[in-house]
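To start, the structure itself, in structure tokens.
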Amino acid sequence: MTQGEVREMVWTALARHHAATYPLPPHGHHPNFVGASRAAERLMRLSLWQRAQVVLAGPDQVLKPLREAAMKSGKTVLIPHPDRAGQYLSLEGLQPQQLKRIREAAWLGRPVDLDHLPIDLVLVGSVAVDEKQGWLGKGYGFPPKNLRIAAPWATLAHTLMVFEALPCDAERRVDLIATPHQVIGI
């Protein structure tokens with residue numbers, strides 16, 4: 001199978017089983033899913049999360065509970081600029097309620113250079129993952145293929161998104177996958 005075929009298969013399965021949540025349909029996104037808050041809670045119980053002070057997080061709806069929890073707990077949250085590929089913003093000093101939509105970060109966030117920041121954790125959405133920690137994203141947007149950050153990478157996934165082994169090449173490896181029922185990795 002190609003990466004595109006795997007993406008379509010996962011998006012269709014999430015839609016067919018009513019496992020996807022806003023934004024709908026899940027096609028073309030790192031999907032938000034039923035149980036994402038439980039998966040986020042699993043991740044937040046880990047020492048990896050608790051120790052992290054600087055978190056780079058994708059803009060996906062599925063990651064919103066993690067971004068908000070990080071902001072509330074005083075972590076520095078960095079996100080990709082919603083309108084300028086390759087540029088990043090710090091949400092430091094902002095409260096979650098100030099960001100009703102992630103797009104508002106373009107006006108409220110402060111530009112930062114990732115090369116000069118000690119990032120402790122990278123949070124990314126996903127379309128498909130496997131038990132060997134292979135990761136497949138939506139095929140464009142964040143994270144760009146050339147993003148090289150040495151910090152651990154983590155994602156959230158619905159059970160329908162988890163394969164024993166991806167039936168295609170993984171785009172990258174992640175260090176941790178949190179689902180509503182388990183944690184894979186670290």
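In this chain, numbering begins with 1 at the start of the sequence shown. From a predicted model like this one, the values you see are computed outputs, not experimental measurements.
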### Message
Do K138 and W11 form a cation-pi contact, if we require the NZ or CZ to be under 6.0 Å from the six-membered ring centre and within 45 degrees of the ring's axis?
### Response
no

### Task
Treat each ILVMFWY residue as a node, draw an edge where side-chain heavy atoms are under 4.5 Å apart, and state whether I79 and L108 are in one component.
yes

### Message
Hydrophobic clustering (ILVMFWY, side-chain heavy atoms < 4.5 Å, transitive) - are L160 and V183 grouped together?
### Response
yes

### Message
Name the residue from I184, L166, L136 that meets the side-chain contact (heavy atoms from CB on, under 4.5 Å) definition with D130.
### Response
L166

### Summary
Which of L176, D175, V122, L123 passes side-chain contact (heavy atoms from CB on, under 4.5 Å) with P152? Answer is D175

#### Entry: Short side-chain to backbone donor-acceptor contact, N32 and Y22, under 3.5 Å
yes

### Query
Would you find a donor on one side and an acceptor on the other, under 3.5 Å apart, between the side chain of D120 and the backbone of V55?
no

Might you confirm whether atom [atom1] of [X] has over 12 heavy atoms from other residues, nucleotides or ligands at distances under 6.0 Å?
X	atom1	value
Q97	CD	yes
R45	CZ	yes
D83	CG	yes

### Query
If we only count heavy atoms from C-beta on, is the E5 to E8 side-chain gap below 4.5 Å?
no

### Message
Side chains of T12 and R16: any donor to acceptor distance under 3.5 Å?
### Response
no

Which donor-acceptor pairs under 3.5 Å do side chains of residues 112-119 form with protein atoms, sequence neighbours excluded?
unit_1 : atom_1 : unit_2 : atom_2 : d
D113   : OD1    : D115   : N      : 3.1
D113   : OD2    : H116   : ND1    : 2.9

